[in-house]
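Taking it in order: structure first as structure tokens, then the write-up.
Protein chains get the first letters and strands the later ones, always in sequence-line order, with residue 1 at the start of each. Computed from a prediction, not measured in an experiment: that's the story for all the values here.
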Amino acid sequence: MKIVTWNVNSLKVRLSHLLQWLEANPVDVVCIQETKLTDDKFPLAELNAAGYQVAFSGQKTYNGVAILSKLPIEDVVRNNPHYEDLQQRLLAATIGGVRFICAYVPNGQEVGSDKYTYKLAWLDALRTWVAAEMAAHEQFAILGDYNIAPEARDVHDPAEWEGRIHFSLPERAALQELMALGLSDAFRLFEQPEKQYSWWDYRQMAFRRNRGLRIDHILLSKTLANRCTACHIDRETRKWEQPSDHAPVVATLAD
DNA sequence: ATGGCCCACATGGTGGGA
């Protein structure tokens, strides 16, 4: 089973990229963030035609998440039952015996801002929910845009980013606490090339200079980590015309 | 020099992203 997370930054704009990518990459489950579409505008027919069943939870202009799957999607839950949130950032579903959560963690905007406070509170509540889901599902995976770079090697210039949004100590501590529930970063289960990032700013030719952050992650329960045989970031889409600023992250699970 | 770019909503410029 191949599983993917990809922040597409508007599914309306990026649908053709998604379909093109799926055609070249026959994967089983795709967690998508920032669809920026209300549910009535979701491109369900196009994705069904590509061979995917879909669960989605969107809103106007901002946020919005979806899970695509070749296998049947069961027990869909929208939002965190432990946190009231008008923003559509979370979607859970069971596929092929695996419990998935698709997560779009708040950006936080600036350390110390109201949005930063919301980000940390949101992450705290996420941990409560994930603990409950993991207690109920041995095979558990949470994929998404975490908007947090876990370590210095996940940041193109750690000195420049130290203490700033996406790399502040409280954010990194929140991610560590989530992972302390027993989750492994699929990407770090394997030897990886240096300077691997999943997001690059649109400005300043950041992609060409590889000035990026690794903020999109696939976290796996112990049982799934033992099944995981590979994980990589697919930089190719970022070279396409009018790309998302995020690249897909792909993990392979043995049967 | 703290912005530059991209998207949505709008139809000029603002809010948000990361």
L37(A) CG to dA8(B) P: how many Å, rounded?
8 Å
Pairwise side-chain contact, H246(A) with R14(A), heavy-atom cut-off 4.5 Å (strictly under)
no
To the nearest Å, how far apart are R172(A) CZ and dA18(B) P?
19 Å
Atom CG of L175(A) and atom P of dA18(B): how far apart are they, to the nearest Å?
15 Å
Under 4.0 Å from any atom of DNA chain B, heavy atoms only: list the residues of residues 110-118 of chain A that qualify, in numerical order.
K115(A)
Checking R172(A), R214(A), K195(A) against D154(A) for salt bridge (Lys or Arg N to Asp or Glu O under 4.0 Å), the one that qualifies is R214(A)
Closest non-hydrogen atom pair, A225(A) against L220(A)
N-CB, 3.9 Å
Students should find that the hydrophobic cluster of L44(A), defined by side-chain heavy atoms under 4.5 Å apart, otherwise consists of V4(A), W6(A), V8(A), L11(A), L15(A), L18(A), L19(A), W21(A), L22(A), V27(A), V30(A), I32(A), L37(A), F42(A), L47(A), Y52(A), V54(A), F56(A), L68(A), W240(A), V250(A)
If you link ILVMFWY side chains whenever their heavy atoms are less than 4.5 Å apart, which other residues fall into the same cluster as M205(A)? By chain and number, please.
none
Considering only atom P, compute the distance from dG12(B) to dT2(B) and round it to an integer number of Å.
29 Å
Note, Y118(A) side chain near S113(A) side chain (heavy atom, < 4.5 Å)
no
Please report the distance, rounded to the nearest Å, between CD in E34(A) and C1' in dA8(B).
11 Å
Just N and O in the side chain of N107(A): are any of them under 4.0 Å from OP1 or OP2 of dG16(B)?
no
With a 4.0 Å cutoff (strictly under), does any side-chain N or O of N7(A) reach OP1 or OP2 of dA18(B)?
yes
With DNA chain B as reference, determine whether P243(A) or Y104(A) sits nearer its 5' end, using the nearest nucleotide of each.
P243(A)
Rounded to the nearest Å, what distance is computed from the CH2 atom of residue W240(A) to the P atom of nucleotide dC6(B)?
18 Å
Just checking, R99(A) and F140(A): is the charged tip under 6.0 Å from the six-membered ring centre and within 45° of the axis?
no
Would you list the atom pairs, donor with acceptor, under 3.5 Å between side chains in residues 69-77 of chain A and any protein atom, with sequence neighbours excluded?
from, atom 1, to, atom 2, distance (Å)
S69(A), OG, L71(A), N, 3.0
S69(A), OG, L71(A), O, 2.6

What nucleotide, of dG17(B), dG16(B), dA18(B), holds the atom closest to the side chain of Y62(A)?
dG16(B)
P atoms of dA10(B) and dG16(B), separation to the nearest Å:
15 Å
Atom pair distance, as rounded to whole Å: NE2 in H246(A) and C1' in dC5(B):
13 Å
Pull out every residue in residues 144-164 of chain A that has a heavy atom closer than 4.0 Å to any atom of DNA chain B, ordered by number, or say none.
D145(A), N147(A)
Across the strands shown, which category fits R14(A) at heavy-atom distances under 4.0 angstrom: base, sugar-phosphate, nothing?
sugar-phosphate
Under 4.5 Å between any side-chain heavy atoms of V105(A) and K119(A), yes or no?
yes
Could you measure between the two P atoms, the one in dA1(B) and the one in dG13(B), and give it in whole Å?
28 Å
Between dG15(B) atom C1' and N9(A) atom CG, what is the distance in whole Å?
14 Å
Test question: given the 4.5 Å side-chain rule for I, L, V, M, F, W and Y, name all other residues clustered with V155(A), or answer none.
W161(A), F167(A), W199(A), L213(A), I215(A)
Do F100(A) and V98(A) come within less than 4.5 Å of each other through their side chains, counting heavy atoms only?
yes
Run the side chain to side chain donor-acceptor pair (under 3.5 Å) test against T117(A) and tell me which residues pass, sequence neighbours left out.
none
Which Ile, Leu, Val, Met, Phe, Trp or Tyr residues join Y197(A) in one cluster when any pair of side-chain heavy atoms under 4.5 Å counts as a link?
W200(A), F207(A)
Phosphate OP1/OP2 of dG17(B): any Q33(A) side-chain N/O under 4.0 Å:
no
List in chain and number order the residues that pass side chain to side chain donor-acceptor pair (under 3.5 Å) with Q33(A), two or more places apart in sequence or in another chain; answer none if no residue qualifies.
T5(A)
For E160(A), enumerate each residue passing the salt bridge (Lys or Arg N to Asp or Glu O under 4.0 Å) test, keeping only those at least two apart in sequence or located in another chain.
R164(A), R211(A)
Select from T35(A) and H166(A) the residue whose nearest nucleotide in DNA chain B is closer to the 5' end of that strand.
T35(A)
Contact list (N/O, under 3.5 angstrom) for nucleotides 9-14 of chain B vs protein:
from, atom 1, to, atom 2, distance (Å)
dC9(B), OP1, T61(A), OG1, 3.3

Rounded to whole Å, CD of Q88(A) lies from C1' of dA8(B) at a distance of 17 Å
Does anything in residues 197-208 of chain A come within less than 4.0 Å of DNA chain B? Heavy atoms only, and list the residues if so.
W199(A), Y202(A), R203(A), Q204(A)
